[in-house]
Amino acid sequence: MGTVVDAPAVVTEKEVVAENMLGDKKVTVVFVLGGPGSGKGTQCSNIVEHFGFTHLSAGDLLRAEIKSGSENGTMIENMIKEGKIVPSEVTIKLLQQAMIKNENDKFLIDGFPRNEENRAAFENVTKISPAFVLFFNCSEEEMERRLLGRNEGRVDDNIETIRKRFKVFVESSLPVIEYYDAKDKVKKIDAAKPIPEVFEDVKAIFAPYAKYVIIYQAT
Ligand SMILES: Nc1ncnc2c1ncn2[C@@H]1O[C@H](COP(=O)(O)OP(=O)(O)OP(=O)(O)O)[C@@H](O)[C@H]1O
Ligand SMILES: Nc1ccn([C@@H]2O[C@H](COP(=O)(O)O)[C@@H](O)[C@H]2O)c(=O)n1
Ligand SMILES: [Mg+2]
């Protein structure tokens, strides 16, 4: 027989407690924001591995929707090619479906909300507010270098669309970050550093979410 040691007290901290309901499940949501190529996807993979979150990239869900042959596919593809933001109802439906389908209760929502419409509609529809917003801050020069070197065959990783995406980020996405900053919910990371160094800073923020250590006591 073993003894399960209580979860550490730190998990009762305000930010860590899941207050949001999704159906009958309590969920914790972290929004992961930053300019195109700032390293959101890269760091989300690390967070998943170390802290047991599920990563939902709005961009990936939209690209999967195109591939699925959905009736919205052509519209989404055209918006992505132009670096424009897809109407919120489409993206929110995909995010909601993905969260409901998944058994996990901790989600990283990467690349959403991208504008004020995304933000307000998500709150209205889901009634979920994020535990916090992880913001990867990086210069356009560095982000451009990364995107042009990404080589994943994305239709929007060309210099013309990249410039449009930067403009949308500054005009529409930064105000969302400012909105959450005014609520003291933004955790800003210097994303210009090498990947392992960025993750060291990320780790410090996610430490309270470390998986519980279960110690069995021999009898
Ligand atoms: N800190 C870093 N230093 C150097 N290269 C990085 C760093 N982080 C990510 N990269 C590389 O930069 C590219 C973009 O990273 P990633 O796909 O994670 O960015 P993103 O923020 O998700 O971009 P997007 O918004 O376009 O989806 C990738 O090729 C990745 O390997
Ligand atoms: N909330 C969102 C997120 C993304 N898009 C569209 O997808 C493109 C790629 O997004 P990444 O996060 O993978 O870079 C983005 O430029 C938008 O066209 C969106 O519309 N709404
Ligand atoms: Mg990404």
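Whatever order the structure lists them in is the order used to number ligands and atoms, beginning at 1. We count residues from 1, following the sequence as given.
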Donor-acceptor pairs under 3.5 angstrom involving side-chain atoms of residues 121-135: please list them, not counting sequence neighbours.
{"unit_1": "Glu123", "atom_1": "OE2", "unit_2": "Arg119", "atom_2": "NH1", "d": "3.2"}
{"unit_1": "Asn124", "atom_1": "ND2", "unit_2": "Ala120", "atom_2": "O", "d": "3.3"}
{"unit_1": "Thr126", "atom_1": "OG1", "unit_2": "Phe122", "atom_2": "O", "d": "2.6"}
{"unit_1": "Thr126", "atom_1": "OG1", "unit_2": "Ile128", "atom_2": "N", "d": "3.0"}
{"unit_1": "Lys127", "atom_1": "NZ", "unit_2": "Asn124", "atom_2": "O", "d": "2.8"}

Problem - Side chain Lys193, main chain Phe199, donor-acceptor under 3.5 Å - result: no
Problem - Main-chain N/O of Thr74 paired with Asn78 side-chain donor or acceptor, under 3.5 Å - result: yes
Practice task
Kindly say whether His50 contributes a backbone atom to a donor-acceptor pair with the side chain of Lys203 at under 3.5 angstrom?
Solution key: no
Exercise for the section: Begin with the C-alpha distance, continue with both residues' side-chain angles, and end with the deciding distance and a verdict on salt bridge (charged side-chain N to carboxylate O under 4.0 Å, His left out) for Glu103 and Lys25. Expected result: CA-CA 9 Å; Glu103 283 186 359; Lys25 172 167 83 167; over 6 Å; no
Problem - Lys164 NZ: over 12 foreign heavy atoms closer than 6.0 Å - result: yes
Handout entry: With Arg114 via salt bridge (charged side-chain N to carboxylate O under 4.0 Å, His left out) - residues at least two apart
Key = none
Output, or 'none' if empty, a list of ligand 1-protein atom pairs in which both atoms are N or O and the distance is under 3.5 Å, rounded to 0.1 Å.
{"unit_1": "ligand 1", "atom_1": "1 (N)", "unit_2": "Arg146", "atom_2": "NH2", "d": "3.4"}
{"unit_1": "ligand 1", "atom_1": "1 (N)", "unit_2": "Lys193", "atom_2": "O", "d": "2.8"}
{"unit_1": "ligand 1", "atom_1": "1 (N)", "unit_2": "Ile195", "atom_2": "N", "d": "3.4"}
{"unit_1": "ligand 1", "atom_1": "3 (N)", "unit_2": "Arg146", "atom_2": "NH2", "d": "3.3"}
{"unit_1": "ligand 1", "atom_1": "17 (O)", "unit_2": "Arg150", "atom_2": "NH1", "d": "2.8"}
{"unit_1": "ligand 1", "atom_1": "18 (O)", "unit_2": "Gly41", "atom_2": "N", "d": "3.4"}
{"unit_1": "ligand 1", "atom_1": "18 (O)", "unit_2": "Thr42", "atom_2": "N", "d": "2.8"}
{"unit_1": "ligand 1", "atom_1": "18 (O)", "unit_2": "Thr42", "atom_2": "OG1", "d": "2.5"}
{"unit_1": "ligand 1", "atom_1": "19 (O)", "unit_2": "Gly39", "atom_2": "N", "d": "3.3"}
{"unit_1": "ligand 1", "atom_1": "21 (O)", "unit_2": "Ser38", "atom_2": "N", "d": "3.3"}
{"unit_1": "ligand 1", "atom_1": "21 (O)", "unit_2": "Gly39", "atom_2": "N", "d": "3.0"}
{"unit_1": "ligand 1", "atom_1": "21 (O)", "unit_2": "Lys40", "atom_2": "N", "d": "2.9"}
{"unit_1": "ligand 1", "atom_1": "21 (O)", "unit_2": "Lys40", "atom_2": "NZ", "d": "2.9"}
{"unit_1": "ligand 1", "atom_1": "22 (O)", "unit_2": "Gly41", "atom_2": "N", "d": "3.0"}
{"unit_1": "ligand 1", "atom_1": "23 (O)", "unit_2": "Gly37", "atom_2": "N", "d": "3.0"}
{"unit_1": "ligand 1", "atom_1": "23 (O)", "unit_2": "Arg150", "atom_2": "NH1", "d": "3.3"}
{"unit_1": "ligand 1", "atom_1": "25 (O)", "unit_2": "Lys40", "atom_2": "NZ", "d": "2.7"}
{"unit_1": "ligand 1", "atom_1": "26 (O)", "unit_2": "Arg150", "atom_2": "NH1", "d": "3.3"}
{"unit_1": "ligand 1", "atom_1": "26 (O)", "unit_2": "Arg150", "atom_2": "NH2", "d": "2.8"}
{"unit_1": "ligand 1", "atom_1": "26 (O)", "unit_2": "Arg165", "atom_2": "NH2", "d": "2.8"}
{"unit_1": "ligand 1", "atom_1": "27 (O)", "unit_2": "Arg154", "atom_2": "NH1", "d": "3.1"}

Practice task
Can you tell me which residues line ligand 2 if we count any heavy atom under 4.0 angstrom from one of its atoms, in chain and number order?
Solution key: Ala58, Gly59, Leu62, Arg63, Met79, Ile80, Lys84, Ile85, Val86, Gly111, Phe112, Arg114, Asn118, Arg154, Asp156, Arg165
Exercise for the section: Return yes if some donor-acceptor pair links the side-chain N/O of Glu160 with the main-chain N/O of Glu82 below 3.5 Å, else return no. Expected result: no
Problem - Shortest non-hydrogen separation from Leu94 to Leu61 and the atoms involved - result: CD1-O, 3.8 Å
